[in-house]
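Computed over heavy atoms, backbone and side chain alike; hydrogens, waters and symmetry mates excluded.
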Amino acid sequence: DSVAMQRLQEAGNSVRQSTDNLVMAAQNVAWNREETVTTVTRVTKKSSRYVQKISNEIEVNEKILKHERDLAEARKKLESLRRARYQHSNENGSTAADENDEH
C-alpha cells in the first residue's frame, strides 16, 4: 500500500510540476507577446513620424521647385520684353537712353 501511495504522490508531484511549467511557459509567451506588441507599436510610431518628416520635406521641395520654375519663366519673359524693346528702338533709330529721356 505504501508503494502505491508513494507512486501516487510522485505522480501528483509530476502533474504539479508539469502544470507549473505550463503556467510559466504561458506567462512567458504572454509577456513576450506583450513585449513584441509594444516594440512593434513603438517602431510603427517612429516609422510614421519619419514618413511624415519625409513627406513634409518633399512637399517643401516641390514648392521650391515650382517657385524656381516660375522665376525662370518670369526671367525669360523679362528678357523677351527687353529684346523686343531693344529691337524696336533699333528699328526706329533710337537708343534705350533716348527712350528713357522721352519718359
Side-chain angles (χ1 to χ4, degrees):
D1 209 25
S2 77
V3 174
M5 270 309 248
Q6 187 177 357
R7 286 185 182 168
L8 188 57
Q9 186 67 35
E10 288 174 2
N13 289 340
S14 289
V15 169
R16 189 172 338 127
Q17 184 63 41
S18 295
T19 303
D20 289 346
N21 290 341
L22 182 60
V23 168
M24 202 177 327
Q27 288 172 341
N28 284 336
V29 167
W31 183 81
N32 287 335
R33 183 179 179 280
E34 186 176 316
E35 185 177 296
T36 301
V37 168
T38 301
T39 302
V40 168
T41 301
R42 187 174 45 241
V43 168
T44 302
K45 286 179 181 178
K46 282 183 180 179
S47 295
S48 179
R49 285 192 302 263
Y50 180 74
V51 168
Q52 186 60 44
K53 287 177 182 179
I54 296 288
S55 175
N56 290 342
E57 187 175 325
I58 289 170
E59 188 176 308
V60 170
N61 225 1
E62 286 176 353
K63 288 179 183 180
I64 289 170
L65 291 173
K66 182 188 180 310
H67 288 304
E68 286 175 346
R69 280 192 307 268
D70 291 347
L71 179 61
E73 287 177 23
R75 284 184 173 151
K76 284 180 183 178
K77 186 173 182 174
L78 178 61
E79 182 183 350
S80 175
L81 291 171
R82 287 180 176 168
R83 282 189 182 162
R85 184 178 68 180
Y86 178 76
Q87 287 175 352
H88 176 72
S89 65
N90 281 343
E91 290 171 0
N92 292 336
S94 61
T95 64
D98 294 337
E99 287 184 9
N100 287 337
D101 290 342
E102 293 174 7
H103 295 282

*Asks:* Supply the atom-to-atom distance Glu73 CD to Leu78 CG, rounded to the nearest 0.5 angstrom.
*Replies:* 13.5 Å

*Asks:* To the closest 0.5 Å, what do you measure between CD1 (Ile54) and OG (Ser47)?
*Replies:*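 Between Ile54 CD1 and Ser47 OG, I get 11.5 Å after rounding to 0.5 Å.
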
*Asks:* Pick from Val60, Ile58, Ile64: which one makes a side chain to side chain contact (heavy atoms under 4.5 Å, CB included) with Glu62?
*Replies:*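 The option that passes is Ile58.
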
*Asks:* Is a salt bridge present between Glu79 and Arg83, judged by a nitrogen-to-oxygen distance below 4.0 Å?
*Replies:* yes

*Asks:* Nearest 0.5 angstrom please: Ser80 OG to Arg85 CZ, how far?
*Replies:*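 The OG atom of Ser80 sits 12.0 Å away from the CZ atom of Arg85.
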
*Asks:* Going by side-chain hydrogen bond (donor to acceptor under 3.5 Å, both in side chains), Asn13 matches just one of Arg16, Glu10, Gln17. Which one?
*Replies:* Arg16

*Asks:* Going hydrophobic residue to hydrophobic residue with side-chain gaps under 4.5 angstrom, can you get from Val23 over to Trp31?
*Replies:*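 Result: no, two separate clusters.
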
*Asks:* Is the closest basic N to carboxylate O distance between Lys66 and Asp70 below 4.0 Å?
*Replies:* yes

*Asks:* Knowing that exactly one of Leu22, Asn21, Val15 qualifies, which makes a side chain to side chain contact (heavy atoms under 4.5 Å, CB included) with Thr19?
*Replies:*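 One option only clears the test, and that one is Val15.
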
*Asks:* Of all residues at least two apart in sequence or in a different chain, which pass the side-chain hydrogen bond (donor to acceptor under 3.5 Å, both in side chains) check with Asn56?
*Replies:* Gln52

*Asks:* Looking at Val43, Thr36, Thr38, which hits side chain to side chain contact (heavy atoms under 4.5 Å, CB included) with Val40?
*Replies:* Thr36

*Asks:* At what distance, to the nearest 0.5 angstrom, does CG of Leu65 lie from NZ of Lys63?
*Replies:* 12.5 Å

*Asks:* Can you name the side-chain hydrogen bond (donor to acceptor under 3.5 Å, both in side chains) partners of Asn61, sequence neighbours left out?
*Replies:*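 Asn61 satisfies side-chain hydrogen bond (donor to acceptor under 3.5 Å, both in side chains) with no other residue.
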
*Asks:* CZ/Arg49 to OG1/Thr44 distance, rounded to the nearest 0.5 angstrom?
*Replies:* 10.5 Å

*Asks:* Can you check whether Glu35's main-chain N or O pairs, donor with acceptor, with Thr39's side chain at less than 3.5 Å?
*Replies:* yes

